[in-house]
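Note: hydrogens, waters and symmetry copies are ignored here, and every other heavy atom, side chains too, is used.
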Amino acid sequence: MKYKISLLLIVSFISLHSQNKNQTDVPGLSSISKQSLMKTVSYLASKELAGRLSGSKGYNKAAYFIANEFSYLNLKPLGDENYFQKFKVEYNEINSPIKLNLVDEGIIKKEYKLGKDFVCRGFTGANHLTAPLAFVGYGLTKPGIGYDDYAGMDVKGKIVIAFKYNPKWRINDTSDWGEGSIRYKISNAAKHGAVALLLVSFPNDAKPQKTILSILEGEGEQKEDFPSLHIDIPVADEFLTGSGFSLKELETKIDSLKKPNSILLKTSAEVDVHSKYFKEQETMNLVGLLEGSDEKLKDEYLVIGAHLDHVGSQGGEIFAPGANDNASGSAAVLEIARTFIANNIKPKRSIIFVLFASEEIGLAGAKHFVDNPPVPLDKITAMINLDCVGYGDSIQVGNGLSSPQLWQLARRNDSLYTKMMVRTTWAGGGADATPFHQKKIPCAYFVTTNSYEHLHCLTDTPETLNKDLFERITKLAYLTAYEAACGIYKKEEVK
């Protein structure tokens with residue numbers, strides 16, 4: 001799962017070399033190929049791996065594939081069990097059958113299609129029920145700021161429809177919506193007597209979000225008998241039949257008045273979900289070490305990482321391939337490791353190659369790594385993160401406001417070789433770089449611009465990737481890593 005990051009423009013002038021450089025100037029650079037990158041992506045995004053949900057058989061296959069590749073490269077195992085750094089996460093298995101139907105007077109009027117009209121939330125509960133529907137706005141109860149979508153509503157025994165996200169506005173300048181996660185909305189609906197939650201995207205957005213697979217639920221206890229689905233906007237409008245409103249009109253009215261406009265509907269729905277929840281399921285990061293060659297610098301480390309996991313499958317019917325998110329970043333990390341080894345490059349600093357588990361649940365793998373580091377954290381000179389690097393039109397390197405010297409290193413190499421890097425960046429890490437940034441480790445987050453069109457969708461397939469861009473961003477990450485590992489970059493103070 002990716003996070004919205006406010007992009008800030010670097011306003012300081014950076015002197016860039018305009019001359020062209022031949023790729024043979026840097027050992028190994030010309031050996032990085034889109035063909036090799038795409039071969040790895042095609043396997044990681046295959047049906048066999050079923051979306052690589054951490055804790056699943058598909059993820060474990062991906063993990064063993066990476067471990068075998070690390071072993072072939074003769075990287076030193078740096079996990080607590082060979083290359084595996086194991087830990088426990090929540091896990092939810094969604095099985096067949098999965099149904100959502102429009103019902104009128106006990107008769108099914110329309111059957112909706114999984115993957116097209118709706119998907120399950122990754123941590124949906126299991127139940128089979130038919131019940132009347134109600135629309136409850138944003139699904140929030142916030143007495144501290146005088147807002148309650150459930151005020152005056154009797155939703156006991158009903159299936160409620162709510163907007164997936166919190167309002168973009170505030171009641172006043174000092175108010176804050178606070179907790180508004182999916183788990184909060186589920187808990188709040190259940191507390192008011194509802195039996196299931198149907199989430200829907202904002203219809204008034206310029207490009208409304210389609211149904212996506214996601215396991216980012218927030219904190220709280222799992223309600224194992226409470227189904228939660230993400231439905232498409234046209235489905236919500238069909239459920240609103242006879243109410244006198246469209247979903248767009250309801251959003252407009254609530255947002256313009258900044259007041260709830262919840263209503264009981266004239267329709268009913270059948271929901272049938274079969275899932276099995278595990279509070280603790282074993283998963284693992286993959287960690288391999290290329291030892292440095294310099295007597296002094298070999299005890300300093302460069303971390304090159306990406307998350308291997310994605311959001312899985314549902315009912316054996318659909319799966320999210322995750323080609324861009326983040327088979328692309330995983331393939332890039334593996335390609336960079338191969339480049340160092342195949343070209344017999346001996347960096348002065350040691351390099352840790354790591355593939356993280358459970359980014360999609362909230363950066364759990366990266367957090368586990370920095371909380372249980374295989375080397376002293378103060379010896380990590382920098383961290384390079386690659387996430388969603390295969391789709392888009394140019395290159396961004398994030399966290400440049402927090403680690404400007406590392407960012408400038410990437411920028412200079414782009415000016416000499418890849419020539420696709422934009423000057424926008426941000427502070428605070430981003431995705432798996434965030435836990436490292438929080439530990440005061442300089443980070444560079446490599447990502448493509450306009451990368452998220454297929455985010456968490458069934459359409460995030462290898463065929464959609466921009467192969468030339470994918471090769472170039474991998475080369476830029478390698479160039480940055482090469483110089484950082486060879487001692488040109490010195491650890492900076494994180495801002």
Can you sort out the partners of Ser181 under side chain to side chain donor-acceptor pair (under 3.5 Å), two or more places apart, ordered by chain and number? Glu179

Closest non-hydrogen atom pair, Leu44 against Ala327: CB-CB, 3.8 Å

May I have the list of side-chain donor-acceptor pairs in residues 431-442 shorter than 3.5 Å, sequence neighbours left out?
{"residue": "Thr434", "atom": "OG1", "partner": "Gly430", "partner atom": "N", "Å": "2.9"}
{"residue": "Thr434", "atom": "OG1", "partner": "Ala431", "partner atom": "N", "Å": "3.4"}
{"residue": "Thr434", "atom": "OG1", "partner": "Ala431", "partner atom": "O", "Å": "3.0"}

If you look only at pairs with a residue in residues 362-378, which of them pass as a side-chain hydrogen bond (donor to acceptor under 3.5 Å, both in side chains), with sequence neighbours excluded? His368-Asn372

For Trp177 and Trp169, indicate whether the former's side chain and the latter's backbone hold a donor-acceptor pair under 3.5 Å. yes

Taken in chain and number order and not counting sequence neighbours, the residues that satisfy side chain to side chain donor-acceptor pair (under 3.5 Å) with Lys61 are none

Which atom of Leu213 lies closest to which atom of His456, heavy atoms considered: O-ND1, 2.8 Å

Check: His454/Thr459 side-chain N/O donor and acceptor closer than 3.5 Å: yes

Side chains of Leu290 and Pro347: does their closest heavy-atom pair fall under 4.5 Å? yes

Could you report the tightest heavy-atom contact between Ala410 and Leu476, atom names first, then the distance? O-CD1, 3.4 Å

For the CZ atom of Phe470 and the CD1 atom of Ile32, what is their distance to the nearest 0.5 Å? 11.0 Å

Between Lys467 and Glu471, does any NZ, NE, NH1 or NH2 come within less than 4.0 Å of an OD or OE carboxylate oxygen? no

On a heavy-atom basis, the closest approach of Asp232 and Lys116 is OD2-O, 4.1 Å

Restricting to side chain to side chain donor-acceptor pair (under 3.5 Å), what partner residues turn up for Arg472, sequence neighbours left out? none

Could you walk me through whether Asn466 and Thr448 pass the side-chain contact (heavy atoms from CB on, under 4.5 Å) test, one step at a time? CA-CA 10 Å; Asn466 182 336; Thr448 53; over 6 Å; no

Begin with the C-alpha distance, continue with both residues' side-chain angles, and end with the deciding distance and a verdict on salt bridge (Lys or Arg N to Asp or Glu O under 4.0 Å) for Asp468 and Lys34. CA-CA 7 Å; Asp468 291 331; Lys34 55 191 172 186; 2.5 Å; yes

Taking the side chain as every heavy atom from C-beta outward, state whether Arg183 and Lys223 have any atom pair closer than 4.5 Å. no

Which label fits Phe356 and Phe369: parallel for a plane angle under 30°, tilted from 30 to 60°, or perpendicular past 60°? perpendicular

By ring pair (Phe, Tyr, Trp, His ring centres under 6.0 Å), Phe65 pairs with (sequence neighbours left out) Tyr43

Taking all non-hydrogen atoms of both residues into account, name the closest pair between Val273 and Pro227 and its distance. CG2-CB, 4.2 Å

Roughly how far apart are Thr124 OG1 and His274 NE2, rounded to 0.5 Å? 11.0 Å

Do Leu289 and Tyr301 have side chains that approach each other closer than 4.5 Å (heavy atoms only, starting at C-beta)? yes

What are the two closest heavy atoms between Leu49 and Ala62, and how far apart are they? CD2-CB, 3.5 Å

One thing to verify: whether Lys168 and Asp205 come together as a salt bridge, which I'm taking to mean a side-chain N less than 4.0 angstrom from a carboxylate O. yes

Got Leu386 and Glu335 here, is their nearest side-chain heavy-atom distance under 4.5 Å? no

List in chain and number order the residues that pass ring pair (Phe, Tyr, Trp, His ring centres under 6.0 Å) with Phe123, two or more places apart in sequence or in another chain; answer none if no residue qualifies. none

Answer yes when Asp80 and Lys86 have at least one side-chain N-carboxylate O distance shorter than 4.0 Å, and no when they do not. no

Please tabulate, one pair per line, all N/O donor-acceptor pairs under 3.5 Å involving side-chain atoms of residues 484-495, not counting sequence neighbours.
{"residue": "Tyr489", "atom": "OH", "partner": "Glu492", "partner atom": "OE2", "Å": "2.8"}
{"residue": "Lys491", "atom": "NZ", "partner": "Ile380", "partner atom": "O", "Å": "3.1"}
{"residue": "Glu492", "atom": "OE1", "partner": "Gln405", "partner atom": "N", "Å": "3.1"}
{"residue": "Glu492", "atom": "OE2", "partner": "Gln405", "partner atom": "N", "Å": "3.4"}
{"residue": "Glu492", "atom": "OE2", "partner": "Leu406", "partner atom": "N", "Å": "2.9"}

By the side-chain hydrogen bond (donor to acceptor under 3.5 Å, both in side chains) test, which pairs, at least two apart or in different chains, include something from residues 341-358? Ser31-Asn343, Ser54-Ser358, Glu300-Arg349, Asn344-Lys346, Arg349-Thr381

Within the structure provided, determine whether His310 and Asp325 are in side-chain contact (heavy-atom separation under 4.5 Å). yes

Listed by chain and number, what are the side chain to side chain donor-acceptor pair (under 3.5 Å) partners of Gln35, not counting sequence neighbours? none

Say whether Ser330 and Asn326, considering side chains only, have a donor N or O and an acceptor N or O under 3.5 Å apart. no

Are any of the side-chain heavy atoms of Leu355 and Val333 separated by less than 4.5 Å? yes

Please answer whether the main-chain N or O of Asn399 pairs with a side-chain N or O of Trp407 as donor and acceptor at a distance below 3.5 Å. no

Dump the intermediate steps for side-chain contact (heavy atoms from CB on, under 4.5 Å) on Arg338 and Leu73, then the final yes or no. CA-CA 7 Å; Arg338 287 169 174 162; Leu73 295 174; 3.9 Å; yes

Could you state the interatomic distance from CG (Asn413) to CZ (Arg411), rounded to the nearest 0.5 Å? 12.0 Å

Are the aromatic ring centres of Phe70 and Tyr83 under 6.0 angstrom apart? yes

Would you list the pairs meeting ring-ring contact (aromatic ring centres under 6.0 Å, His included) in which at least one residue belongs to residues 312-352, sequence neighbours left out? Phe340-Tyr478

Check the pair Ile341, Asn74 against side-chain contact (heavy atoms from CB on, under 4.5 Å), reporting the backbone distance first and the verdict last. CA-CA 8 Å; Ile341 301 299; Asn74 204 29; over 6 Å; no

Separation between CG of Leu53 and CG of Asn60, rounded to the nearest 0.5 Å: 10.0 Å

Are Glu453 and Lys207 packed together at the side-chain level, in the sense that at least one heavy-atom pair is separated by less than 4.5 angstrom? yes

Please report the interatomic distance CG(Leu29) to CD1(Ile345), rounded to the nearest 0.5 Å. 9.0 Å

Could you state the interatomic distance from NZ (Lys475) to OH (Tyr417), rounded to the nearest 0.5 Å? 11.5 Å

Are the side chains of Tyr482 and Pro27 in touch, meaning some heavy atoms are under 4.5 Å apart? yes

Start with the C-alpha distance between Phe84 and Asn285, add both sets of side-chain angles, then the distance that settles side-chain contact (heavy atoms from CB on, under 4.5 Å), and finish with yes or no. CA-CA 6 Å; Phe84 302 129; Asn285 297 329; over 6 Å; no

Have Asn324 and Thr464 got a donor and an acceptor in their side chains that come within less than 3.5 Å? no

Under the side chain to side chain contact (heavy atoms under 4.5 Å, CB included) test, which residues partner Gln281, sequence neighbours left out? Tyr91, Phe278

Given Asn450, Thr449, Thr424, Thr425, the one that forms side-chain hydrogen bond (donor to acceptor under 3.5 Å, both in side chains) with Gln396: Thr424

salt_bridge(Glu69, Lys39) N-O dist < 4.0 Å: no

